[in-house]
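When a ligand or atom number is given, it counts from 1 through the structure's own listing order.
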Amino acid sequence: MTEGASLDQRVTELAEVASFAPPETFRARARVRDASVFEKADRDRLAFWAEQARDLDWDTPFSTVLNDAEAPFYRWFEDGTLNASYNCLDRHVAAGLGDRVAYHWRGEEGEERTITYAELLDSVQRFANGLRDLGVGKGDVVGIYLPMVPEVVVAMLACARIGAVHNVVFGGFSVEAVRERMAVSRARVLVTADHARRKGRLSAVKSALDPALEQLTDLAHVVVVRAGGDAAEPCPMRDGRDVRYDDVVAAAAATCPAEPMEAEHPLFILYSSGSTGKPKGIVHSTGGYLTGVSYTHRLVFDLDAERDVYWCTADVGWITGHSYAVYGPLANGATSVMFEGAADYPHPGIWWEVVERFGVSILYTAPTAIRACMRWGSEHPARHDLSSLRLLGTVGEPINPKAWLWYHTVIGRERCPIVDTWWQTETGSIMIAPLPGLTETKPGSATHPIPGVTADLVDGSGQSVPEGTGLLVLTEPWPSMLRTLYGEEERYVRSYFSEFGPRRYAVGDSARRDADGYYWVLGRVDDVLNVSGHRLSTGEVESAIVAHEKVAEAAVVSEPDEVTGEAIVAFVTLRGGAEGDPETEAQIREHVSTRIGKLARPSRIVWAEELPKTRSGKIMRRLLRDAVQNRELGDVTTLNDPSVMTALRDRIASGG
Ligand code: WT7
């Protein structure tokens with residue numbers, strides 16, 4: 001039997017095991033080995049958070065921990081001042097750690113760049129000065145739309161250094177998504193790339209953006225990073241507006257002292273999908289956010305900054321990248337791997353080659369990636385020496401036990417605890433997760449809230465459900481929570497604090513609590529989809545489809561998918577009752593791709609003469625979901641015309 005096959009056999013055997021204690025070798029050296037940290041946090045929650053916050057360097061120490069006078073607008077450490085880039089860079093360099101590697105970067109074609117803390121500090125100071133030279137000041141919004149290149153980190157920290165608010169847009173999002181996010185946040189500067197590389201192909205970024213940039217009246221400058229490699233043609237530059245990153249840095253002064261910021265000064269905005277078509281601009285603070293990410297990054301990943309090599313595979317364009325590829329690890333002085341490429345380029349074993357090459361000891365990734373690796377086969381990881389790994393993490397969606405066991409066996413070789421971390425863009429940092437040296441894990445459960453965090457399950461009327469299924473709520477504010485939705489305070493209150501009052505944050509997930517008090521997050525209860533761990537709203541995808549000239553109406557639901565978790569199914573009614581054809585289908589998918597991004601493309605389109613609606617005209621997505629998943633239809637009595645569903649079921653059965 002090959003090694004891959006014997007590992008697979010072991011995965012099957014372990015399916016009988018219900019829970020896993022921390023491996024003894026791990027436990028012996030872990031930061032947290034007993035429950036006293038929970039007791040301490042429970043005894044005095046605010047004092048506990050204050051202690052975590054004091055691990056940061058403050059220019060002015062805070063005297064108040066939490067101001068909840070205007071709940072749900074909470075203020076943490078409000079009379080303190082600090083700078084996030086100082087905490088991520090200067091203080092480590094001042095402590096003599098300037099030569100420590102901040103990032104081992106690996107490019108698509110195998111190029112490597114090693115960036116030390118001292119080098120990163122130097123680049124950040126220069127680019128911060130460069131941004132100032134372009135007129136950026138405290139409170140201004142700077143857009144960032146870059147691939148996974150070191151300059152993305154430089155740009156984020158340079159903003160933080162001068163109090164500018166960054167607004168990163170994931171490189172996989174479309175030009176239209178960038179335009180919209182820049183427009184609503186009134187960005188003054190956009191930092192982007194000439195080209196992006198993906199699986200051996202080069203795609204133009206800056207020139208594709210150009211037409212959209214013309215419409216942005218607040219945008220004064222575009223900074224262009226060379227990310228296309230040596231072969232890339234130079235991109236067109238507009239005089240007076242566009243500048244090259246290299247020129248900006250070369251012309252800028254070398255020192256730029258970090259400006260002390262009020263703890264509540266916004267560090268960044270990150271747009272995420274809500275249940276309507278309009279994305280939410282989630283605003284995070286400086287002091288509370290940095291407290292949350294640095295604390296959880298140490299605690300949940302059991303970080304030993306001197307020894308560990310840590311790799312979070314998420315793109316910086318997502319909150320996971322912000323919190324656990326940039327701010328958390330840098331605040332803790334950790335050494336990270338940053339990987340530009342795709343998981344299967346140039347071959348499906350590349351991740352394991354990278355783990356071996358850099359001696360990665362902590363790996364943090366998503367269930368969808370684990371399932372993809374599973375599908376490519378255990379022989380790929382089996383070919384590499386993965387003995388440097390000591391801890392594995394996952395995030396983004398519930399992990400199915402089979403993928404958990406594969407990760408545990410084939411990647412972790414039964415030596416590494418798995419931390420299944422539940423959190424959201426809004427929570428800023430990990431909320432529910434095992435402590436790897438302490439918590440017994442059950443495959444598929446994120447276990448318990450971490451010390452300092454309090455959660456509950458409630459029914460629709462807000463009554464606690466001690467055991468069984470309910471709606472997940474966080475029952476007390478926490479430092480890294482979102483502060484508001486950019487420019488939409490009313491929506492902030494309505495989205496999170498109207499259902500169960502101003503103290504209980506409504507998560508939007510349902511979950512089950514078992515007899516041992518373990519939480520099992522089931523999924524969203526609103527119209528938010530989770531495709532490959534990425535959040536999309538049904539409304540957003542629907543409006544992109546409806547924008548196509550031939551389309552009259554559309555409804556989007558999801559169905560389970562082996563690799564992506566959920567896949568998008570779109571029910572589409574064409575104008576004038578026209579019949580759908582493959583060409584229109586291709587156009588619609590393309591339309592979604594240009595409006596939002598490739599990841600939002602429906603995997604299936606079902607042509608619907610009519611959509612199921614209530615008498616008041618509301619589309620009943622619940623029935624569509626039942627129909628695509630071949631389930632018994634739920635209550636159809638509120639339907640205006642029940643025969644619509646019969647026709648649709650036939651359509652689905654005949655393949656759309
Ligand atoms: C939603 C948040 C947090 C960074 C990535 C996603 C789902 C996230 C888990 C997990 C079960 C999870 C939830 C949550 N989710 N992690 N470990 N187990 N579900 O951030 O885009 O803000 O999405 O992702 O449904 O509400 P996001």
Side-chain angles (χ1 to χ4, degrees), residues 168-170 172-173 269-275 279-284 289 292-293 296-297 300 312-328 364-371 392-401 403-404 407 418-434 439 441-450 453 455 457 471-474 480-482 485 495-496 505-513 518-537 540 558 564-566 597 599-600:
V168 181
V169 181
F170 169 53
F173 275 132
I269 310 170
L270 185 59
Y271 280 85
S272 183
S273 296
S275 47
K280 291 170 164 172
I282 291 162
V283 178
H284 279 290
Y289 173 80
V293 297
T296 51
H297 182 254
V300 178
C312 167
T313 66
D315 191 283
V316 278
W318 305 102
I319 190 70
T320 310
H322 281 59
S323 300
Y324 297 108
V326 180
Y327 287 109
Y364 190 33
T365 190
T368 183
I370 298 167
R371 291 191 300 265
L392 304 173
T394 91
V395 61
E397 57 176 313
I399 181 164
N400 46 311
W404 195 103
Y407 199 29
I418 295 181
V419 289
D420 174 355
T421 62
W422 177 89
W423 57 295
Q424 307 177 298
T425 308
E426 289 88 339
T427 69
S429 58
I430 295 168
M431 297 281 108
I432 303 180
T439 317
T441 52
K442 302 186 187 186
S445 167
T447 76
H448 311 287
I450 60 166
V453 173
L457 291 188
L471 300 169
L472 184 60
V473 290
L474 299 173
S480 69
M481 69 194 294
L482 79 165
L485 295 177
S495 303
Y496 309 107
Y505 168 88
V507 160
D509 282 356
S510 68
R512 181 168 71 81
R513 193 155 43 184
Y518 279 59
Y519 286 83
W520 301 74
V521 174
L522 301 168
R524 304 287 307 190
V525 290
D526 51 14
D527 292 322
V528 172
L529 307 170
N530 190 326
V531 179
S532 299
H534 298 150
R535 209 160 119 178
L536 292 164
S537 82
E540 200 174 11
S558 71
T564 58
E566 287 180 36
L599 59 112

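- The nearest heavy-atom contact from the protein to atom 3 (C) of ligand 1 is Trp423 O, 3.2 Å.
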Determine whether Thr320 and Trp423 satisfy the following criterion, side chain to side chain contact (heavy atoms under 4.5 Å, CB included), listing intermediate values before the conclusion.
CA-CA 9 Å; Thr320 310; Trp423 57 295; 3.8 Å; yes

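- To the nearest 0.5 Å, the span separating CG on Asp420 from OG1 on Thr447 amounts to 8.0 Å.
- Counting only N and O atoms by type, the side chains of Ser273 and Ser537 include no donor and acceptor under 3.5 Å apart.
- Using bins of under 30°, 30° to 60° and over 60° for the plane-to-plane angle, the ring pair Phe170/His534 lands in the tilted bin.
- When only non-hydrogen protein atoms are considered, atom 23 (O) of ligand 1 lies nearest to Arg535 CD, 3.4 Å.
- Ring geometry for Tyr324 versus Tyr364: interplanar angle over 60°, hence perpendicular rather than tilted (30 to 60°).
- Atom 5 (C) of ligand 1 has Thr320 OG1, 3.5 Å as its closest protein atom, hydrogens excluded (heavy atom only).
- For the salt bridge (Lys or Arg N to Asp or Glu O under 4.0 Å) with Arg535, the qualifying choice from Glu566, Glu426, Glu397 is Glu426, the only one to do so.
- In terms of protein heavy-atom proximity, atom 16 (N) of ligand 1 is closest to Gly396 N, 3.1 Å.
- In this structure, atom 13 (C) of ligand 1 lies nearest to the protein heavy atom Asp509 OD2, 3.0 Å.
- The parts of Pro398 lying near ligand 1 are both backbone and side chain, judged by heavy-atom distances below 4.0 Å.
- Contact annotation for Val507 and ligand 1: no heavy atom of the residue comes within less than 4.0 Å of the ligand.
- In terms of protein heavy-atom proximity, atom 22 (O) of ligand 1 is closest to Thr425 OG1, 2.5 Å.
- In this structure, Tyr271 has its ring center at least 6.0 angstrom away from the ring center of Trp318.
- Between Tyr327 and His322, the ring center distance fails the sub-6.0 Å criterion.
- Closest heavy-atom approach to atom 1 (C) of ligand 1 among the candidates Arg524, Met431, Lys280, His322: Arg524.
- Looking from atom 10 (C) of ligand 1 to the surrounding protein, the closest heavy atom is Glu397 O, 3.5 Å.
- With a heavy-atom cut-off of 4.0 Å, Ile319 touches ligand 1 through its side chain alone.
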